[in-house]
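This report concerns only the one structure given below.
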Amino acid sequence: METVDSPTPACSPSDSKPPPSPNPSSIPSPLLPSATRLWRPAAQRNLRNQWSKLASQRQQWASASSSGKSHANSLVNAYLSQRYMPSLELGVLSDMAGIRKKACRKLFKQQEIYRSKVLSSYKDMVATVTQMLNATQSMRCFLKGTSNSTLVQFSGSSEDQNDTGDGGGIPVFVFWSISSHEELAEELVQMFKKELMLKRLLVLEFLFLTCEVPQVNGFHWSDQLYPGEFDHLRVCNLFSEETCEPVPPKLMDWKSDTPVVGCNNQPNHEVLQVYLTTWLAEVNINNYRVDEIFDVIQEEMHVRLK
Amino acid sequence: MQHHCIFTPCVLGWVDKPNCRAAIYVVPFQVLAHLLKNQLSLTHIIGAVVMEAMVKKYQQKLRKVRDEINRWDDLQSRLLSQFKNASSIIERLQVIEDSKNYGSLNCMDDIVNAVLTKQVESLEVILVSMKKTMEEFHGIVLSIEKIHRDSRQQIKVGSSKPSAKQLQLRVGIKPSLADCLDGLLVLYDMHHSEYRLKASVVSALSTLTFKPSASDLCALQQLLVDQPNIPKDEVQSIFDIIFVEAIC
């Protein structure tokens with residue numbers, strides 16, 4: 001049960017905030033005292049496992065985001081060089097036949113390479129968020145088999161409707177119940193989900209950079225960037241079935257939804273600089289808060305997460 | 001060889017530190033050659049041996065200074081990369097302040113503010129770490145100063161206050177005491193002035209945040225790179241004189 005991969009049906013923290021942890025004295029634990037005694041170590045093991053996954057996915061995100069940034073940078077440089085090629089002062093080289101054309105072709109090829117690299121960084125980020133969500137949804141620990149069997153086992157999926165998998169809301173380590181852990185993990189994942197959609201918009205902009213005659217409509221938010229993207233986004237609750245397109249990018253603590261309007265003109269140098277800066281800034285991820293969450297958790301669990 | 005035997009006992013009376021023993025057996029022979037050639041007296045011999053031991057001590061001090069200078073070079077490259085990061089943020093502040101430059105990102109309300117806030121935060125973090133780097137530079141200056149001050153003090157108050165002639169005395173290829181003292185002073189002066197220059201460059205950087213100018217930033221960065229108060233070749237020639245044995 002330590003590496004549960006399927007999301008558990010009993011809880012779906014992505015839909016709603018988990019309920020506040022019930023007072024242990026008012027709601028009796030559905031487990032027998034002996035089972036509770038055994039439940040704790042199993043739940044602890046599981047939580048440690050899930051939190052360390054979250055910590056390593058955070059590193060994964062950082063590396064995907066930073067390689068995406070450098071590919072986007074190279075892409076923008078190649079694009080701008082190609083765009084300014086006609087007006088470039090070539091000096092003695094201008095005598096060489098077709099040099100501009102050849103240079104443009106080369107720069108065009110480079111852009112293709114970087115475009116696919118930017119896309120693959122985006123794919124990595126989608127995978128990271130999926131993994132994070134998975135860990136968040138696998139924090140509960142359920143009793144396996146009937147409770148009166150002599151051998152007590154635990155699993156990540158519920159077999160009994162009365163078993164909420166949180167040991168009746170008792171603290172798992174020192175103070176915190178399963179649902180408090182879930183709340184913190186959820187807060188963490190929300191930041192990365194929001195940032196993922198912002199990155200998606202930037203990726204779209206980068207992918208549609210072109211020196212050729214601009215397409216009439218430019219890009220659409222509803223375009224799928226790679227086969228299967230929408231399935232991945234659905235898993236993360238980032239795909240709206242009503243509008244049949246991904247959830248529009250939003251900033252943290254900002255509610256309004258403005259539909260994404262694709263820019264079909266070729267962005268200038270300043271706009272591209274802003275795009276790159278926005279990629280770098282990760283406005284939706286409050287790193288202080290993320291560090292704080294991991295600090296709190298490490299203290300609670302008495303482990304060092306990498 | 002005979003002279004060597006005669007003079008060695010009285011030399012032992014003077015130099016009794018264990019780490020100076022090597023000097024007793026190696027140096028007297030050179031010293032004697034020098035003294036006999038110039039027909040100098042016993043006092044000269046003893047003086048020369050003492051000087052020789054002191055020079056050794058000062059070489060040790062200068063070795064410490066050389067370590068500090070190596071640390072300075074590490075800090076220099078750290079400061080440079082911090083400066084480059086800070087100035088690239090400062091340079092783009094004007095661009096990211098203008099919502100016209102946000103293209104399709106404008107579908108998110110408040111995006112300008114969010115990006116700007118994040119960038120200013122990062123800039124502040126960099127400025128704070130530059131301040132810390134400057135404190136470390138200051139630490140190096142203070143440490144060189146202390147080594148220099150202690151050396152002067154020892155010469156002034158030591159029981160064997162050397163005469164002007166002894167200060168200039170060179171035994172073999174070894175540097176004179178005056179070489180060591182002057183070297184210390186020059187190295188201290190260089191690094192002290194350079195520290196003050198860097199401090200003013202760093203404070204100029206934070207004022208540029210409000211009215212960025214690419215050419216000013218470029219000029220400041222060049223000042224940091226050049227380190228005009230520390231001519232590399234001069235530093236090298238000082239160490240070449242002091243650690244001449246290591247070269248030969």
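By convention in this document, chain letters (A, B, ...) are assigned in the order of the sequence lines, proteins followed by strands, and residues within each chain are numbered from 1.
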### Task
Would you please test A:L251 and B:D109 for side chain to side chain contact (heavy atoms under 4.5 Å, CB included) and show each step?
CA-CA 8 Å; A:L251 294 184; B:D109 294 312; over 6 Å; no
### Query
Hey, mind stepping through A:V271 and B:L105 against side chain to side chain contact (heavy atoms under 4.5 Å, CB included) and telling me if it holds?
CA-CA 10 Å; A:V271 172; B:L105 290 176; over 6 Å; no
### Query
After noting the C-alpha distance and the side-chain angles of B:M108 and A:V283, does the key distance pass the side chain to side chain contact (heavy atoms under 4.5 Å, CB included) rule?
CA-CA 12 Å; B:M108 284 172 283; A:V283 288; over 6 Å; no
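Between the B:K118 side chain and the A:T278 main chain, no donor and acceptor come within less than 3.5 Å of each other.
The minimum heavy-atom distance between A:Y275 and B:Y102, with the atom names listed, is CE2-O, 3.5 Å.
When heavy atoms are compared at a cutoff of 4.5 Å, A:Q273 approaches chain B solely by way of its side chain, counted from C-beta outward. Only the side chain of A:L198 comes within contact range of chain B, with at least one heavy atom under 4.5 Å from a heavy atom of that chain. With a 4.5 angstrom heavy-atom cutoff, A:L204 does not touch chain B via any of its atoms.
Distance check, rounded to the nearest 0.5 Å: CD of B:E121 to CG of A:N286 gives 7.5 Å. Taken from NZ in A:K250 to CG in B:D110, the straight-line distance is 14.5 Å, to the nearest 0.5 Å. One finds the CZ atom of B:R92 at 4.0 Å from the OG1 atom of A:T277 (value rounded to the nearest 0.5 Å).
More than 12 heavy atoms of other residues, nucleotides or ligands shown are found within 6.0 angstrom of CZ on B:R63. Counting heavy atoms of neighbouring residues, nucleotides and ligands inside a 6.0 Å radius, atom CD of A:E299 does not exceed 12 of them.
Defined by atom type and a distance below 3.5 Å, a donor-acceptor pair is present between the side-chain atoms of B:S104 and A:E205.
Using a 4.5 Å cut-off between non-hydrogen atoms, no part of residues 80-91 of chain B approaches chain A.
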